[in-house]
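All remarks here apply to the structure that follows.
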Amino acid sequence: MNNFYNDNESLKFYLQHPDMQKVTALKEQAFAEYGQYPDAPANAEQACENYAKVAELVGDIAANVIAPNAESNDQLGPRVENGRVIYAPGTQQNHEALRDAGLYGMTLPRKYNGLNFPYVAYVMADEIISRADAGFATIWGLQDCAETINEFASKEICDKYLPRIYEGATCSMDLTEPDAGSDLQSVRLKATWDESSNCWRLNGVKRFITNGDADLHLVLARSEEGTTDGRGLSYFVYDKADGGLTVRRIEHKMGIIGSPTCELVFTNAPAMLIGDRRMGLIKYVMSLMNGARLCVGSQSLGLSEAAYRAAKAYAASREQYGKTIDNFPQVQDLLADMKMRIDANRTLLYETARLVDIYKNYESIAKVRPLTPEERTDYKTAQRYADILTPILKLSSSEWANRNAYDSIQVHGGSGFMKEYECERLYRDARVLSIYEGTSQLQVVAAIKGIGNGAYLKRIADYDAMPISAELEPLREQLRAMTEDYKTVFEAVNGTEAFEYNARRLADGIAFIVMGYLLLQDANRCECFLPSCKRYIAQGRAHMAAALTYVK
């Protein structure tokens with residue numbers, strides 16, 4: 001049987017990263033739960049073995065259940081009956097297979113029946129599922145809403161709802177409205193306190209809500225009468241079983257058709273407040289969005305992997321002029337670029353996930369005991385770098401998923417334009433990746449602060465100081481030259497009206513440099529990454545040279 005984990009050595013490579021020792025020790029809080037729960041590990045080695053076993057289980061379900069259902073889910077899609085969403089049969093089968101395997105609530109503590117896995121293991125599972133069907137991954141991946149509940153909600157809410165995630169309760173995050181897309185400060189859905197029922201009541205409309213008829217909803221609503229900005233917004237958890245929610249319609253989309261994107265009407269729907277009033281957008285949604293953007297990174301990578309494998313297989317089987325087309329240099333060039341993008345994005349994905357794990361786990365530890373000065377410094381460093389890497393991860397991975405899907409069709413030629421081939425669906429599914437959870441342009445806006453204050457350059461200096469073999473030293477010199485070109489472009493536009501206009505060139509340059517250094521470290525550990533590393537650095541240098549010429 002096929003297995004989408006066992007056939008990908010790169011995934012195993014990242015579970016064996018040296019920093020995983022630190023990640024697992026922090027996540028397990030020095031393995032204090034060993035002996036209390038059957039699956040609690042005694043050490044980092046056991047923890048990583050557990051991650052690999054679960055990844056193998058996910059890989060089996062992805063290859064043999066989810067991937068075979070992808071085409072029918074795309075053709076049939078969900079439907080609305082009496083204000084409720086009915087999944088396509090394949091979508092329901094996917095959900096039940098993962099639920100029955102215990103793969104919901106992966107990152108939740110064991111006291112809520114979760115696996116207590118770090119983000120590294122969770123996004124790896126998300127990447128594998130996305131390779132099988134990026135549309136279905138949006139449904140499964142929304143279990144990340146549970147992290148927001150666990151992190152910010154009261155014990156009463158956590159005890160009530162979190163065990164249900166493991167049982168397969170689906171989630172949604174209800175943020176956008178007809179007149180409030182990226183500008184969430186404009187949210188108008190009202191939340192009013194009902195004294196007689198001792199609960200909040202939600203009234204209004206939400207639009208473009210992924211998996212909008214989920215069991216549990218995290219809802220951004222205006223709780224403060226007379227306000228018009230983000231300071232009047234609070235965050236709520238709503239249970240579909242309590243009534244008051246109707247699905248008005250499912251959007252007719254270009255891609256990820258198996259995933260229902262809904263318009264919702266709340267009518268006196270009862271809800272519970274998460275955390276403090278007025279902090280909904282400022283604190284809780286921002287935290288949730290960072291996690292969502294990390295998941296879009298893994299979703300994009302999974303789709304890129306699927307597009308590459310489809311192209312590679314087709315090129316090896318399609319004969320023209322007496323030989324298969326993978327012998328033609330132009331096709332080889334396309335395939336090498338596709339592989340390079342995957343390797344570059346994957347190293348950034350797991351670097352970002354490790355940093356998120358480190359700072360999130362320090363936050364959990366701080367609830368139990370004070371952090372030492374050294375731990376607090378480590379926490380702040382990891383948080384700062386995770387915050388600046390997340391937007392360039394989302395930017396580059398989503399854009400390159402689109403490019404890989406495009407190139408996969410190009411390798412297929414005329415056949416790729418036909419619906420009989422997987423690459424046609426991948427092309428449609430990919431398009432939304434650079435739009436939702438913040439467009440590419442908004443990711444550039446998010447990166448501007450780190451560009452302007454030099455935070456990216458500080459991280460690059462850290463990477464430059466890492467030891468490598470003498471054979472790789474020429475590649476590091478090329479990265480240093482690329483960094484100098486970047487500094488020249490930055491200095492030319494900094495403090496001028498041209499700065500924001502050229503921000504995309506600067507953000508792309510930073511992405512090339514950061515991923516170049518990360519690939520260099522990977523190549524230092526395994527020479528299998530060397531071809532992609534060389535190719536990537538060469539293209540990065542060409543990008544910076546073009547940016548420099550343009551700005552001048």
Side-chain angles (χ1 to χ4, degrees), residues 293 297 300 337 340-341 343-345 347-349 351-352 355 381 384-403 434 438-466 468 472-523 532-552:
R293 287 166 181 170
S300 299
D337 268 355
M340 173 201 72
R341 295 181 195 118
D343 286 343
N345 279 150
T347 192
L348 179 57
L349 172 66
E351 168 78 350
T352 307
L355 290 166
T381 299
R384 180 168 65 253
Y385 289 143
D387 285 348
I388 65 171
L389 293 186
T390 297
I392 63 170
L393 167 67
K394 204 279 185 183
L395 171 66
S396 63
S397 63
S398 63
E399 292 286 345
W400 280 355
N402 275 274
R403 183 58 188 265
S434 56
T439 63
S440 293
Q441 288 68 36
L442 282 179
Q443 301 314 307
V444 174
V445 171
I448 283 176
K449 182 178 179 181
I451 291 172
N453 65 16
Y456 286 110
L457 289 175
K458 290 178 183 177
R459 189 59 177 170
I460 288 166
D462 293 340
Y463 294 141
D464 187 68
M466 292 180 179
I468 59 169
L472 297 178
E473 195 61 41
L475 289 173
R476 176 152 61 185
E477 289 302 321
Q478 291 184 50
L479 284 166
R480 287 171 176 168
M482 196 195 312
T483 305
E484 291 305 311
D485 282 349
Y486 166 83
K487 291 177 180 178
T488 302
V489 173
F490 173 76
E491 290 165 3
V493 298
N494 188 34
T496 73
E497 292 180 355
F499 178 73
E500 290 194 14
Y501 183 82
N502 286 282
R504 176 63 183 268
R505 294 174 181 84
L506 292 168
D508 286 343
I510 283 293
F512 268 113
I513 298 167
V514 166
M515 285 186 274
Y517 271 108
L518 290 172
L519 275 175
L520 187 62
Q521 289 297 314
D522 291 347
S532 287
C533 181
K534 289 179 176 179
R535 190 177 188 88
Y536 189 79
I537 291 173
Q539 292 194 14
R541 291 202 68 186
H543 167 83
M544 285 313 309
L548 187 59
T549 300
Y550 179 87
V551 168
K552 284 182 176 179

Do you know the tightest heavy-atom contact between [X] and [Y]?
{"X": "Ala523", "Y": "Leu472", "result": "C-CD1, 4.0 Å"}
{"X": "Leu348", "Y": "Ser396", "result": "CD2-OG, 4.1 Å"}
{"X": "Ser300", "Y": "Ser398", "result": "OG-CA, 3.5 Å"}
{"X": "Pro391", "Y": "Tyr456", "result": "CG-OH, 3.9 Å"}

I need the [X] [atom1] to [Y] [atom2] distance, nearest 0.5 Å.
{"X": "Ser532", "Y": "Arg341", "atom1": "OG", "atom2": "CZ", "result": "11.0 Å"}
{"X": "Arg476", "Y": "Ile537", "atom1": "CZ", "atom2": "CD1", "result": "11.0 Å"}
{"X": "Met340", "Y": "Lys534", "atom1": "CE", "atom2": "NZ", "result": "15.0 Å"}
{"X": "Leu548", "Y": "Asp485", "atom1": "CG", "atom2": "CG", "result": "5.5 Å"}
{"X": "Leu395", "Y": "Thr439", "atom1": "CG", "atom2": "OG1", "result": "9.5 Å"}
{"X": "Lys449", "Y": "Asp387", "atom1": "NZ", "atom2": "CG", "result": "9.0 Å"}

Any side-chain heavy-atom pair from [X] and [Y] closer than 4.5 angstrom?
{"X": "Gln443", "Y": "Ile392", "answer": "no"}
{"X": "Leu475", "Y": "Tyr536", "answer": "no"}
{"X": "Leu355", "Y": "Arg459", "answer": "yes"}
{"X": "Phe499", "Y": "Ile448", "answer": "yes"}
{"X": "Lys458", "Y": "Arg384", "answer": "no"}
{"X": "Trp400", "Y": "Asn345", "answer": "yes"}
{"X": "Asp337", "Y": "Gln539", "answer": "yes"}

Q. How would you list, by chain and number, every residue that makes a salt bridge (Lys or Arg N to Asp or Glu O under 4.0 Å) with Lys487, sequence neighbours excluded?
A. Glu484

What donor-acceptor contacts under 3.5 angstrom involve side-chain atoms of residues 508-522, with partners at least two apart or in another chain?
| from | atom 1 | to | atom 2 | distance (Å) |
| --- | --- | --- | --- | --- |
| Asp508 | OD1 | Arg504 | NE | 3.2 |
| Asp508 | OD2 | Arg504 | NE | 3.1 |
| Tyr517 | OH | Asp464 | OD1 | 2.7 |
| Asp522 | OD2 | Tyr14 | OH | 2.6 |
| Asp522 | OD2 | Thr347 | OG1 | 2.7 |

Q. Near Glu497 CD, under 6.0 Å, is it more than 12 heavy atoms from other residues, nucleotides or ligands?
A.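 No, not enclosed.
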
Q: Tell me, with the steps shown, if Tyr463 and Leu479 meet side-chain contact (heavy atoms from CB on, under 4.5 Å).
A: CA-CA 11 Å; Tyr463 294 141; Leu479 284 166; over 6 Å; no

Q.
What verdict does the side-chain contact (heavy atoms from CB on, under 4.5 Å) test give for Thr352 and Arg293, after you've listed the backbone C-alpha separation in whole Å, the side-chain angles of each residue and the deciding distance to 0.1 Å?
A. CA-CA 11 Å; Thr352 307; Arg293 287 166 181 170; over 6 Å; no

Q: List the steps and the verdict of side-chain contact (heavy atoms from CB on, under 4.5 Å) for Val493 and Val551.
A: CA-CA 8 Å; Val493 298; Val551 168; 3.7 Å; yes

Mark yes or no for whether [X], through its side chain, and [Y], through its backbone, hold a donor-acceptor pair below 3.5 Å.
{"X": "Asn494", "Y": "Phe490", "result": "no"}
{"X": "Lys394", "Y": "Gly438", "result": "yes"}
{"X": "Glu399", "Y": "Ser434", "result": "no"}

(Q) Let's go through Leu389 and Glu351 carefully: what are the C-alpha distance in whole Å and the side-chain angles of both, what is the deciding distance for side-chain contact (heavy atoms from CB on, under 4.5 Å) to 0.1 Å, and is it a yes or a no? (A) CA-CA 9 Å; Leu389 293 186; Glu351 168 78 350; 3.9 Å; yes

